[in-house]
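Structure first, commentary second.
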Amino acid sequence: MIEMRKILAAGAVASAAICVESIRERRHFRVTHYDLDTPKMEADAGEVTIVFLSDLHNQIYGANNDVLLRTVADVKPDVILVGGDMLIGKRDRLPKPALTFVRKLPKIAPTYYSNGNHEQRMKENTKKYGNVFERYQKKLREADVRFLENDSAEFTKNGLRIMLTGLELPMETYEKFRHMDVCGEDVARQVGTASEGYFHILMAHNPVYFSGYKEWGADLVLSGHLHGGIVRIPGWRGCITPQAFPFPKYSGEMTTEEEHTIIVSKGLGTHTINLRLFNEPEVVVVHIHGGHRKK
């Protein structure tokens with residue numbers, strides 16, 4: 001009996017510690033730096049610094065997200081890429097926190113926004129959501145945020161010719177309990193073919209289809225959507241996807257396969273499952289250097 005009480009007491013302490021840690025993680029974020037080499041840039045040309053933000057879901061860090069904004073400014077990025085799901089796509093949730101934050105980003109650096117599934121479903125289903133997304137997008141465009149909706153933009157920094165592409169796949173690719181096959185041709189049907197001579201950055205919200213993004217020709221894929229897998233197994237990977245598949249291969253890390261790299265943000269907020277464990281929210285910073293890519 002005494003041993004059982006000890007076991008129960010230890011279990012209660014462990015459960016309390018896990019709850020406290022989960023609450024702490026949902027209230028703080030970290031900055032994660034990744035270094036990436038590419039032969040498409042001269043070795044001594046310097047670097048290109050990218051801030052990648054994803055899955056804020058109206059989360060607020062400090063008054064009006066000032067803490068988050070200062071963190072982005074301190075990086076001194078060459079460009080800011082927004083990977084979608086900054087708002088929450090529900091009829092009763094207005095996007096004011098996301099709008100207040102994102103509209104300030106162009107004052108730091110040129111800002112490009114690719115939609116996630118929350119923005120996309122609001123855009124495509126106005127019968128259910130009204131014109132909330134249209135008004136949100138209009139105000140961000142007025143603040144010089146450039147939206148890439150199956151569209152591309154190019155810029156050059158330190159001799160590296162970069163083509164940014166924002167991909168929107170059909171909404172059924174996000175459906176729960178369903179895994180679709182997405183190939184390079186499917187991507188090309190949405191955004192056109194990859195152009196020769198550029199370092200291609202593909203903002204594709206759902207990382208599950210990385211094989212198709214590679215086949216299309218992306219040098220770097222930036223994704224989010226999985227919230228780090230909700231609960232992460234330290235040193236390994238996240239536990240589950242929003243589509244209810246366990247242990248996704250790409251969930252919150254940088255992975256290079258052949259000459260293609262994917263970086264998956266763990267995101268900055270939560271929504272339906274308000275839980276994180278061993279899975280801090282993050283601002284992702286990518287440092288691109290010239291030379292041969294690290295394996």
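Worth saying up front: this structure is predicted, and the values here are computed from it rather than measured. One-based numbering along the sequence shown. In what follows, every heavy atom counts, from backbone to side chain, and hydrogens, waters and symmetry copies are set aside.
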(Q) Whether the Asn115 and Glu149 side chains hold a donor-acceptor pair (N or O, under 3.5 Å, no angle test) is what I'd like checked. (A) yes
Q) Is it true that Ile230 and Phe278 fall in one hydrophobic cluster, defined by side-chain heavy atoms closer than 4.5 Å? A) yes
Q: Check the angle between the aromatic planes of His57 and His227 and answer parallel, tilted or perpendicular using the 30° and 60° thresholds.
A: perpendicular
Q: Decide whether Tyr198 and Val221 are clustered together by the hydrophobic rule: side chain heavy atoms of Ile, Leu, Val, Met, Phe, Trp, Tyr closer than 4.5 Å, transitively.
A: no
Q.
Would you compute the distance between atom CG of Leu222 and atom CG of Leu81 and round it to the nearest 0.5 angstrom?
A. 6.0 Å
Q. How about Asn58 and Leu56: do any of their side-chain heavy atoms sit closer than 4.5 Å?
A. no
Q | Interatomic distance, Lys138 atom NZ to Asn131 atom CG [nearest 0.5 angstrom] | A | 11.0 Å
**Q.** Member of Lys266, Arg232, Arg237 meeting the salt bridge (Lys or Arg N to Asp or Glu O under 4.0 Å) criterion with Glu253
**A.** Arg232
Q: For residues His118 and His271, determine if any side-chain heavy atom of one lies less than 4.5 Å from a side-chain heavy atom of the other.
A: yes
Q: Take the angle between the ring planes of Phe247 and Trp236 and call it parallel below 30°, perpendicular above 60°, tilted in between.
A: tilted
Q. Side chains of His287 and Asp35: closer than 4.5 Å at any heavy-atom pair?
A. yes
Q.
Measuring from atom CG of Leu167 to atom CG of Leu202, what distance do you get when rounded to the nearest 0.5 angstrom?
A. 5.5 Å
Q. Is Glu280 close to Phe29 at the side-chain level, that is, under 4.5 Å between some pair of heavy atoms?
A. no
Q) Under 4.0 Å between a Lys/Arg side-chain N and an Asp/Glu carboxylate O for Glu172 and Arg121? A) no
Q) Do Tyr113 and Glu119 have a side chain donor and acceptor closer than 3.5 Å? A) yes
Q. Is the CD atom of Glu42 crowded by more than 12 outside heavy atoms at less than 6.0 Å?
A. no
**Q.** Residue pair Leu36 / Leu220, side-chain heavy-atom distance below 4.5 Å
**A.** yes
Q) Hey, any chance Phe133 and Ile88 share a hydrophobic cluster, counting ILVMFWY side chains that come within less than 4.5 Å of each other, even indirectly? A) no
Throw together a table of side-chain donor-acceptor distances under 3.5 angstrom for residues 103-112, partners on residues two or more places apart or in other chains.
from, atom 1, to, atom 2, distance (Å)
Thr111, OG1, Ala109, O, 2.9

Q.
Quiz question: by atom type and distance under 3.5 Å, do the side chains of Ser265 and Ser54 form a donor-acceptor pair?
A. no
Which atom pairs, one a donor and one an acceptor, fall under 3.5 Å between side chains of residues 179-193 and the rest of the protein, sequence neighbours left out?
from, atom 1, to, atom 2, distance (Å)
Asp186, OD1, Arg189, NH2, 2.2
Asp186, OD2, Cys183, N, 2.8
Gln190, NE2, Glu168, O, 2.8

(Q) Using the ring-ring contact (aromatic ring centres under 6.0 Å, His included) criterion, which residues pair with Tyr250? Sequence neighbours excluded. (A) Phe210
**Q.** Minimal non-hydrogen separation, His205 against Asp85, with atom names
**A.** NE2-OD2, 3.0 Å
Q: Report yes if some heavy atom in the side chain of Leu164 is under 4.5 Å from a heavy atom in the side chain of Glu154; otherwise report no.
A: no
Q) Does Tyr174 share a hydrophobic cluster with Val208, counting links as ILVMFWY side-chain heavy atoms below 4.5 Å and allowing steps through other members? A) no
Q) Any side-chain heavy-atom pair from Val31 and Val285 closer than 4.5 angstrom? A) yes
**Q.** Nearest atoms (heavy-atom pairs only) where Pro207 meets Tyr213
**A.** CA-CE1, 4.5 Å
Q) Less than 4.5 Å apart, any side-chain heavy atom of Ile201 and any of Ile162? A) yes
Q. If you take all heavy atoms of Ala244 and Phe177, which pair is closest and at what distance?
A. CB-CE2, 3.4 Å
**Q.** Option among Lys40, His200, His260 that satisfies the side chain to side chain donor-acceptor pair (under 3.5 Å) test with Asp219
**A.** Lys40
Q. So with a 6.0 Å cut-off around CZ of Arg93, is the heavy-atom count from everything else above 12?
A. no
Q: Could you grab the distance from atom NZ of Lys249 to atom CG of Leu226, nearest 0.5 Å is fine?
A: 14.0 Å
